[in-house]
2 protein chains.
Amino acid sequence: MELNEKQAAILEVAEKLFAENGFDGTSVRQIAREANINIAMISYYFGSKEKLLDALLYHRLAGFRHEMEKVMLDKGDHMHKVDRMVALIVTRIHRNRRAYKVVSFEYSNPSRQVSFENYIRRKKDNYSMIEKLIKSGQKAGVFSKKVNIPLLIPTILGTYFHFYNHRKFFEALHGLDGKQTVEDYVNTTLIRHIQQTVKALLTYEMPRGKSQIN
Amino acid sequence: MELNEKQAAILEVAEKLFAENGFDGTSVRQIAREANINIAMISYYFGSKEKLLDALLYHRLAGFRHEMEKVMLDKGDHMHKVDRMVALIVTRIHRNRRAYKVVSFEYSNPSRQVSFENYIRRKKDNYSMIEKLIKSGQKAGVFSKKVNIPLLIPTILGTYFHFYNHRKFFEALHGLDGKQTVEDYVNTTLIRHIQQTVKALLTYEMPRGKSQIN
DNA sequence: GAAAGTTAAACAATCGTTTAATTTAAACGA
DNA sequence: TCGTTTAAATTAAACGATTGTTTAACTTTC
């Protein structure tokens with residue numbers, strides 16, 4: 001399903017407003033006004049407000065399975081692959097942060113009649129990819145077997161989201177200011193922190209100096 | 001400001017509905033119905049819907065500075081204090097998870113005219129307590145100096161929230177079922193995972209076998 | 001009998017959606 | 001290139017339902 005220019009503009013505005021004010025906090029009139037179109041066009045193109053949300057998620061959460069598979073085939077040791085994988089995940093989530101914010105809020109909203117099947121399927125896909133990498137590292141004796149693999153997801157994504165949703169707070173704490181700086185901070189310091197976290201977890205209480213078989 | 005029985009019941013219902021359906025997704029009629037009171041009582045007692053949210057946050061996010069200070073005075077080494085501190089934070093957040101969920105969503109909502117000053121002040125208080133503990137451990141040579149201390153907060157809280165908001169997903173992944181099991185899982189496995197994460201970060205690339213001075 | 005509590009009803013405003021009329025654009029045979 | 005046809009796009013207006021809040025009358029409590 002392709003989108004014409006006007007449909008794309010509507011989705012763009014809707015994404016921004018949904019992420020900022022929530023789905024229920026955004027009116028179709030607001031969307032129409034900011035997108036410079038008539039209210040009726042939303043029903044005309046998408047059917048309803050909820051179907052607009054459906055379409056938004058459909059177009060924004062397209063898979064990045066392929067990118068993850070490329071990382072798996074990377075040369076370099078397990079640690080390096082973990083670094084690349086974490087950077088890939090965080091970069092990806094950050095780029096589509098608004099769509100993911102909408103999902104993660106509306107997902108647990110019982111009155112929302114939206115299909116999250118795509119979202120869940122992709123989440124499971126991505127998890128199994130991570131699991132594969134970790135278990136391979138464990139077999140090679142590089143990673144600790146004590147780590148709770150499913151909980152790595154909340155550790156990676158949760159750290160990002162909590163930072164980003166409270167960026168105002170951390171801006172004050174770090175003395176950061178302006179949009180560009182937060183962007184830089186995510187792409188350098190935050191990613192490095194999460195990489196460090198995962199690697200630390202994976203080697204916690206591991207014997208040191210062992211020869212790492214790739 | 002004390003609450004009578006009816007006011008407390010209203011707050012109770014409002015907290016549940018706000019957390020489940022969001023502030024904008026909850027109507028005052030819905031609250032009145034579930035709390036078995038007349039609509040007008042909400043305005044009568046709290047003034048408006050937004051002031052109801054104000055009152056909710058005020059009564060739910062009361063400080064736990066005192067508990068944290070107790071942990072700091074604990075006997076035991078730095079590692080033990082970190083364990084206790086993480087457990088305290090997660091337990092506390094988990095107990096008031098609904099109020100915190102409302103805050104963390106509404107906090108970044110620009111159209112919400114609610115004072116988050118209390119929330120921010122407390123957050124800064126808690127951070128400085130954590131910072132104190134970590135720095136003390138670093139001076140003692142027990143903790144690595146490479147760790148980004150402010151980002152420990154997203155790592156701890158973000159891991160919890162992402163797990164809890166996606167608990168449906170993890171229930172399917174773990175084969176958990178029922179409410180009691182999630183409760184147990186948080187209080188045992190999840191807390192242990194977060195403790196492990198923080199400790200791993202704090203000792204990442206630290207020399208081993210060093211005598212730990214308390 | 002004064003104050004506090006409680007109620008049903010009404011308020012204007014806004015909600016998402018639909019209607020019916022009109023304009024625009026493309027396709028058509030001549 | 002012409003007028004005609006057809007479908008898509010766009011509009012203003014109206015729909016009924018629901019929103020948060022207020023009113024004014026009534027009951028309870030002390």
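Here the structure is a predicted model, which is why all the values come from computation and not from measurement. Numbers restart at 1 for each chain; the letters A, B, ... are given by sequence-line order, proteins then strands.
In this model, the phosphate group of D/dT10 is approached by a side-chain N or O of A/Y45 to a distance below 4.0 Å at OP1 or OP2. Between B/Y44 and C/dA4 there is no side-chain N or O to OP1 or OP2 distance below 4.0 Å. The phosphate of D/dA12 has OP1 or OP2 within less than 4.0 Å of a side-chain N or O from A/N38. OP1 or OP2 of C/dC15 has not a single side-chain nitrogen or oxygen of A/K49 nearer than 4.0 Å. A sub-4.0 Å separation between OP1 or OP2 of C/dC15 and a side-chain N or O of A/S27 is present.
In this structure, B/L17 atom CG and D/dT19 atom P are separated by 12 Å, rounded to whole Å. The CG atom of A/L53 sits 13 Å away from the P atom of C/dG16 (whole-angstrom rounding). Straight-line distance from the CD1 atom of A/I37 to the C1' atom of D/dA8: 16 Å, rounded to whole Å. Nucleotide C/dT6 holds its C1' atom 6 Å from the CE atom of B/M41, rounded to whole Å. Nucleotide C/dT17 holds its P atom 13 Å from the CZ atom of A/F46, rounded to whole Å. Atom CD of A/E5 and atom P of C/dT24 are 18 Å apart (whole Å). To the nearest angstrom, P of D/dC30 lies 13 Å from CG of B/N4. Summarising the geometry, the separation between CD1 on B/I39 and P on D/dA24 is reported as 18 Å, rounded to the nearest angstrom.
Cation-pi contact between A/R167 and A/Y164: present, with separation from the ring centre below 6.0 Å and deviation from the ring axis of at most 45°.
In this model, a donor atom of one side chain and an acceptor atom of the other lie less than 3.5 Å apart for B/H193 and A/T155. Side-chain atoms of A/K81 and A/S136 form no donor-acceptor pair, as typed in the model, at a separation below 3.5 Å. Residues A/Y160 and A/H94 bring a donor and an acceptor atom of their side chains to less than 3.5 Å of each other.
Salt-bridge check for B/K135 with B/E131: passed, with a basic side-chain N closer than 4.0 Å to an acidic carboxylate O.
Among the protein residues, B/S43 comes within range of the nucleic acid bases, having at least one heavy atom under 4.0 Å from a base atom. When heavy atoms are screened at a 4.0 angstrom cut-off, A/I42 is found touching no nucleic acid atom at all.
Of the two residues contacting DNA chain C, namely A/D24 and B/K6, the nearest-nucleotide position lying further toward the 5' end is that of B/K6. If B/N36 and A/A40 are placed on DNA chain C by their nearest nucleotide, the residue sitting closer to the 5' end is B/N36.
Pairing of D/dT18, defined by two Watson-Crick or G-U wobble distances under 3.5 Å, is identified with C/dA13.
For A/S48, the listed nucleotide lying nearest its side chain is C/dT17; candidates were C/dT6, D/dG20, C/dT17.
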